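FYI, side chains are in, hydrogens and waters are out, and symmetry mates aren't considered; it's all heavy atoms of this structure. Treat the numbers as computed from the prediction; the structure is a model and nothing was measured.
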Amino acid sequence: SPDMDMVRNLVATLFKSIEGVHNIELKAVLWSSDIYGNVNVSEVDNIKDTKLIVSDRMGYTPTHLAIDYCSKVASRMRGRKKIMIIITDGDPYYFSGVNELMEDKEIIQLTKTAIRNALPRTPSIICFKVGEGDICDRVFRGRIVNVNDMNTASSLVAKKFESLVRQAL
């Protein structure tokens with residue numbers, strides 16, 4: 001899809017921007033799930049692995065699980081400063097069993113708890129939400145940037161990352 005092409009290009013750009021910089025480590029983690037509760041996780045560790053960034057048509061993101069997983073991954077990465085940049089195309093959804101979509105109230109609580117637990121490991125968390133939905137607004141209070149399209153999100157993420165890289169140098 002065109003949006004996944006933009007995500008792939010954005011991640012490749014981020015990897016290119018830190019080539020030869022030894023005190024910055026980057027990892028991209030892609031998440032999705034299906035109506036059976038099956039979760040797909042892909043880790044991208046370098047520019048060559050950006051080819052792994054594809055649309056898997058699973059369609060649902062268990063954001064609370066992604067935040068928990070990614071904060072643990074970040075805690076094992078070298079470097080003093082940790083930042084988690086989340087790019088999502090909508091609100092968190094998760095099927096906990098076959099056709100058992102979690103209620104909004106439960107997904108909100110689980111996601112807020114995941115953020116609270118992640119902050120000691122990854123004190124900088126920012127979410128770029130592409131499109132509609134209000135659950136992300138409620139759980140990422142003060143840590144969310146709403147955008148209308150992936151092109152805008154890509155541009156803002158690249159600028160934010162560039163600023164962070166400059167601070168680290």
Side-chain angles (χ1 to χ4, degrees), residues 1-21 24-35 38-74 77 79 81-95 107 111 114-115 118 122-169:
S1 77
D3 282 352
M4 290 311 287
D5 290 343
M6 277 190 221
V7 170
R8 193 177 312 103
N9 290 336
L10 168 63
V11 174
T13 299
L14 299 180
F15 276 111
K16 281 182 187 175
S17 74
I18 61 167
E19 282 180 349
V21 180
I24 296 177
E25 186 178 6
L26 174 66
K27 181 181 289 272
V29 183
L30 292 86
W31 276 79
S32 62
S33 67
D34 63 15
I35 61 170
N38 298 314
V39 175
N40 184 35
V41 180
S42 300
E43 291 190 18
V44 178
D45 296 316
N46 55 59
I47 198 164
K48 289 187 299 188
D49 288 348
T50 58
K51 67 181 180 295
L52 300 174
I53 300 173
V54 295
S55 178
D56 62 13
R57 306 225 191 294
M58 290 180 88
Y60 303 94
T61 305
T63 305
H64 62 290
L65 296 176
I67 291 168
D68 182 58
Y69 179 89
C70 291
S71 71
K72 289 175 183 171
V73 167
M77 295 170 73
K81 295 182 181 179
K82 310 289 184 181
I83 182 167
M84 184 186 310
I85 299 173
I86 299 164
I87 304 171
T88 184
D89 60 355
D91 284 333
Y93 289 103
Y94 183 57
F95 284 84
I107 206 84
T111 306
I115 292 168
T122 314
S124 296
I125 298 174
I126 186 167
C127 177
F128 291 86
K129 185 183 71 161
V130 182
E132 301 295 319
D134 68 335
I135 293 175
C136 281
D137 294 331
R138 288 190 264 169
V139 298
F140 288 102
R141 287 189 188 131
R143 300 176 182 281
I144 189 162
V145 177
N146 290 296
V147 295
N148 293 326
D149 55 59
M150 189 55 213
N151 192 42
T152 304
S154 184
S155 175
L156 291 173
V157 168
K159 286 178 186 172
K160 178 71 173 171
F161 190 76
E162 180 184 358
S163 160
L164 294 166
V165 168
R166 283 189 185 150
Q167 290 173 16
L169 297 178

Q.
Are Thr111 and Tyr94 packed together at the side-chain level, in the sense that at least one heavy-atom pair is separated by less than 4.5 angstrom?
A. no

**Q.** Contact check, side chains of Pro92 and Thr61, non-hydrogen atoms, under 4.5 Å
**A.** no

How close do [X] and [Y] get, heavy atom to heavy atom, and via which atoms?
X	Y	answer
Pro123	Lys82	CD-O, 4.0 Å
Arg8	Lys51	CD-CA, 4.4 Å
Thr88	Cys136	CG2-SG, 4.0 Å
Leu30	Met4	CD2-CE, 4.2 Å

Q: Please report the C-alpha distance between Glu162 and Ser17 in whole Å, then the side-chain angles of each, then the deciding distance to 0.1 Å, and finally whether the side chain to side chain contact (heavy atoms under 4.5 Å, CB included) criterion is met.
A: CA-CA 8 Å; Glu162 180 184 358; Ser17 74; over 6 Å; no

Which distance, rounded to the nearest 0.5 Å, do you find between the [atom1] of [X] and the [atom2] of [Y]?
X	Y	atom1	atom2	value
Ile86	Cys70	CD1	SG	7.5 Å
Ser42	Asp49	OG	CG	10.0 Å
Asn9	Leu14	CG	CG	11.0 Å
Ile135	Thr63	CD1	OG1	9.0 Å
Asp68	Ile115	CG	CD1	11.5 Å
Ile126	Ile144	CD1	CD1	9.5 Å

Can you list the residues that meet the side chain to side chain contact (heavy atoms under 4.5 Å, CB included) rule with [X], with sequence neighbours excluded?
X	value
Thr13	none
Lys16	Glu19, Ile47
Thr152	Val147, Asp149, Leu156
Ser154	Leu10, Met150

Applying side-chain hydrogen bond (donor to acceptor under 3.5 Å, both in side chains), can you list everything that pairs with [X], at least two apart in sequence or on another chain?
X	value
Lys129	Asn146
Asn148	none
Lys27	Glu43, Asp45
Arg143	none

Q. What residues form a ring pair (Phe, Tyr, Trp, His ring centres under 6.0 Å) with Tyr69, not counting sequence neighbours?
A. Trp31

Q. How would you list, by chain and number, every residue that makes a ring pair (Phe, Tyr, Trp, His ring centres under 6.0 Å) with Phe15, sequence neighbours excluded?
A. none

Q) Yes or no on side chain to side chain contact (heavy atoms under 4.5 Å, CB included) for Phe161 and Ile83, after CA distance, side-chain angles and deciding distance? A) CA-CA 9 Å; Phe161 190 76; Ile83 182 167; 5.8 Å; no

